[in-house]
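Working notes, beginning with the structure itself.
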Amino acid sequence: MGETAAAETGTSETRPRLMVLDGHSMAFRAFYALPAENFATDTGQHTNAVYGFTAMLLTMIRQQAPTHVAVAFDLSGPTFRSAEYAEYKAGRSETPAEFAGQIELTVKVMEALGIPTLTVEDYEADDIVATLSARAEAAGWDAVVVSGDRDAFQLISEHTTVLYPKKGVSDIPPMDADAVMAKYGVSPAQYPDLAALVGESADNLPGVPGVGPGFAAKWINAYGGLEGVLENADSITGKKGEALRAHLEDVRRNRRLNALVRDLDLPVDLEAMALTMPDHDTVSELFDALQFNRIRDRVFEVFSERLGADAPAAEVEEAPEHVVATTAADLGGFLAAHAGALLGVHVVVDGPDMLPKRKVPVPGTHGTPVGVAFAADDAALYVDLDAEGPDAELMAAVRDALEDAGTAKAVHDLKRTVKALAAPTRPAGLGEGAVIGGVEDDVLLSAYLIQPDRRDVDLASLAEAHLRTPLAAPATGQPASAQGELDLDGGAAAAERVQRATDAVRAAWVVRRLSAEFTPQVLERGAQRLLQEMEIPLARLLARMELAGIAVDRDHLEALRADFAERADAAKESAWASVAEETGGMEVNLGSPKQLQEVLFERLNMPRTRKTKTGFSTDVDSLQDLLEQTQHPFLENLMAHRDVTKLRQTVEGLLETVAPDGRIHTTYSQTAAATGRLSSLHPNLQNIPVRTEAGRRIREAFTAGEVDGTEAVLLSADYSQIEMRIMAHLSEDAGLIEAFNMGEDLHSFVGSQVFGVDPHEVSAEQRSKVKAMSYGLAYGLSSFGLSKQLKISVDEARGLMKGYFDRFGGVRDYLRDVVAQARQDGFTSTIEGRRRYLPDLNSDNRQLRDMAERAALNAPIQGSAADIIKRAMLDVQAGLEEQRLRSRLLLQVHDELILEVPRGELAAATALLEERMGRAADLSVPLDVHVGEGRTWHAAAH
DNA sequence: GAACTCACGTA
DNA sequence: CGTACGTGAGTTCG
């Protein structure tokens, strides 16, 4: 067997947990993170530091869940440190004027929140923090120190974590012993030794010239600490040794000064720091004075969450102890011992990294598998895929275990896992890449089927919500230098590996627990078939589609960008020129609704449009109205600018996501849309323009690439009027069913019925009115909404709807019944039994109830269409495999599939699409499929 | 800096 | 006062 990992015994949540903040350093961080000019009261008092500190504190309370909180502040006078060393903290640039008074206000906020603040003469806030964390430890508590001063690292221990801001006050990751070791190469206890050698410019403590953290860490580890380094100063050769000998006294002084005082005589009791519910009036009064509005509610939210009786604190349950497999036999033994059991499997995927400054992944990266954890009921095993010199036999065994359909598995996010295992960056030992077989549950997908409108489906959120346990495993806390290693990088890396294994095992265990929790609910909702025969297989197919991506013509996109940019500039100049007189030549930002309102309604005195939350609307409908009323050329220029700017942004966004292989790899979200639809992101390829000529030019940039080295074409296959056909099927309306069976143009036929004329005599205007109404009905459109859209009177709209319902009474009955049924059941259902729960149908709030009613109308229709195309995708893929075609699915756009097809397979693929898409559902009307081919997406869809 | 609002592209 | 989404720019928070 392999090495047994020392499984850290988890801390029970019943331990009190003190959070203590260095108020001065954190307020200062907040001050620089937020622009002072945007935060001031009417009296001119700046509040950016106060606000930032308060917001940060609330976030930390929520995140760290302390039972007790205190904040320490510095006093302005001398300290024992400045007494010993007059230059201590000298040379600091003067505090900005905007900071004045903000510490005092922060103290007042703390008072209002009932959080004790502490100061001690002659000492600094850090010493108070150190004393309190030491006392907490002595009392058997956990401590969390929040400080912007690195000296706080010396306080880290098994029960004390330090939160040190990386950037601003929003990114404050916890630092434990491993993190300090990884970053500095020394243990937390030795961090002050290192700091003494390196010096701390912020405190005006010069270190040894030329000695940085790297050398300092090396010396400390070589001589067992600073004392050792100083004693052996004579044996250190070279310039750095010389420099060290010349600065021994400085180093000793630094070390004396950076040692935090842990035994201050503080006349306070830890118990007095217990979080209590703040007094509403006190907080309100102070926040009124500070003109803090939005954050006020958050105070009570966060405190209720922490103190609420109905929110029992999460318990840290233990994952079983695990072994780290080092041989194929380790893995084989584990699998044999748990044959037949459902295993939680977690493949640790590293990345993909995000593009700097942007929240999109680096194009063409799909994540790299670095480890695999298997968790059974009472045992677990981890395999490091990232180890140096991987055991070929072990890797083959991992691949076999993952593939083996006989090993029942539960995972979280199968698609991401499949992608990583197949991505080019996979470990070489996996060969062609591993497929993962025997997946009986993906808890991401089962959570979605159980509650499709839930927002957070990541593993940590699911663990928190359903198991009431955190995902993050307790830190292993064992110093990597335990064996006295000198290889710092190796030591830190080893510590990281141990942590990664522990985390992975816990994830696998959580997945298994979640699966046990969800499986009965999936059964109870009748969603098992959807899960196992639709969503899980679809995850595999989507993984392939994402890996494939779609080829784009970069030159074409570049040309479009240049063209659109030029036209945007021209439209901007014209717009400015057309209002130069009224604005005095001001360069209005046409993208700013606020500035537009100023121009339109103040300078040009145009009639006010629809109200929005912040003023008056400048959307295209409003601008169109204004144009009809005023004929002002500014409006035309503005709308032209809007159009072309939108196109330019779309093109620029696409260019940013082209991968090195010349293709765009979107990511589908299988759990984003509450109706069952997919969504597409990074980039969104489901909203590429198509309605305007200029927009269609963008679709010309999506091209057929090569399949296995042979030239291909794109096939586009779409359903015609799928939602109306579903409406016909669900409503069983004889007229509508007839309309589809007639083979006439749908909207002309419906128009002929509504207006009582022959289908061929239906005017274009009548047809478009009927078309708008038909689609609107599936969205819960009102006569008011219809009148707005068609620019007709409400009476006329009402008449249209009456005419429609007179002829298509089944539709009216269906729409009425579907809401009534949903109100009774609490959910709607699609043809495949996909449910959407709508508790708001019984809300007292009229607006919420109306919204839920419209959702209830739409969900069965939109959701059934989603069922049908998902079924079709799986059937098409199965057909491609049966016929051994090399054609491949690339994109899905709700009712359209895009495939890349070698020319020789054109006929076969076309026939396959028509056949499989056409019989993806058995409705009382036919499913009409239209297939087109072309070199580009635009051409194929025509 | 993060969170919100507005506007707008698709089915 | 029409469903379902994702993205980008501007603005606000106070």
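The basis for the numbers below is simple: all heavy atoms, side chains too, and nothing from hydrogens, waters or symmetry mates. Each chain gets a letter, A, B and so on, in the order the sequences are listed, and its residues count up from 1.
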Is the shortest side-chain N/O distance from [X] to OP1 or OP2 of [N] below 4.0 Å?
{"X": "Ser592(A)", "N": "dT11(C)", "result": "yes"}
{"X": "Asn589(A)", "N": "dG10(C)", "result": "yes"}
{"X": "Arg846(A)", "N": "dC1(C)", "result": "no"}
{"X": "Lys613(A)", "N": "dT5(B)", "result": "yes"}
{"X": "Ser617(A)", "N": "dA7(B)", "result": "yes"}
{"X": "Arg677(A)", "N": "dA4(C)", "result": "no"}
{"X": "Arg642(A)", "N": "dC8(B)", "result": "yes"}
{"X": "Thr41(A)", "N": "dG14(C)", "result": "no"}
{"X": "Ser782(A)", "N": "dG2(C)", "result": "yes"}
{"X": "Arg854(A)", "N": "dG2(C)", "result": "no"}
{"X": "Thr618(A)", "N": "dA7(B)", "result": "yes"}
{"X": "Arg29(A)", "N": "dG1(B)", "result": "no"}

Tell me what [X] touches on the nucleic acid: a base, only sugar-phosphate, or nothing, going by heavy atoms under 4.0 Å.
{"X": "Val620(A)", "value": "sugar-phosphate"}
{"X": "Ser680(A)", "value": "sugar-phosphate"}
{"X": "Gln789(A)", "value": "base"}
{"X": "His46(A)", "value": "nothing"}
{"X": "Ile688(A)", "value": "sugar-phosphate"}
{"X": "Leu34(A)", "value": "base"}
{"X": "Ile295(A)", "value": "sugar-phosphate"}
{"X": "Glu37(A)", "value": "base"}
{"X": "Phe784(A)", "value": "base"}
{"X": "Asp895(A)", "value": "sugar-phosphate"}
{"X": "Ala866(A)", "value": "nothing"}
{"X": "Gly591(A)", "value": "sugar-phosphate"}
{"X": "Ala672(A)", "value": "sugar-phosphate"}
{"X": "Thr650(A)", "value": "nothing"}

Can you confirm whether the side chains of [X] and [Y] place a donor and an acceptor under 3.5 Å from each other?
{"X": "Glu896(A)", "Y": "Ser716(A)", "result": "yes"}
{"X": "Thr666(A)", "Y": "Ser680(A)", "result": "yes"}
{"X": "Gln892(A)", "Y": "Gln686(A)", "result": "yes"}

Where the side chain of Lys646(A) is defined as all heavy atoms beyond and including C-beta, which of dG14(C), dC5(C), dC8(B) is the nearest nucleotide? dC8(B)
May I ask you to decide if the ring planes of Phe827(A) and Tyr837(A) are parallel, tilted or perpendicular, using 30° and 60° as cut-offs? tilted
Would you kindly check if the NZ (Lys) or CZ (Arg) of Arg29(A) is within the cone defined by 45 degrees around the ring axis of Tyr164(A) and under 6.0 Å from the six-membered ring centre? yes
Please say whether more than 12 non-hydrogen atoms of neighbouring residues, nucleotides or ligands are located less than 6.0 Å from CE in Met639(A). yes
Option passing side-chain hydrogen bond (donor to acceptor under 3.5 Å, both in side chains) with Arg725(A) (candidates Gln721(A), Glu723(A), His729(A)): Gln721(A)
Base of dG9(B), side chain of Asn687(A) - is there a donor-acceptor contact under 3.5 Å? yes
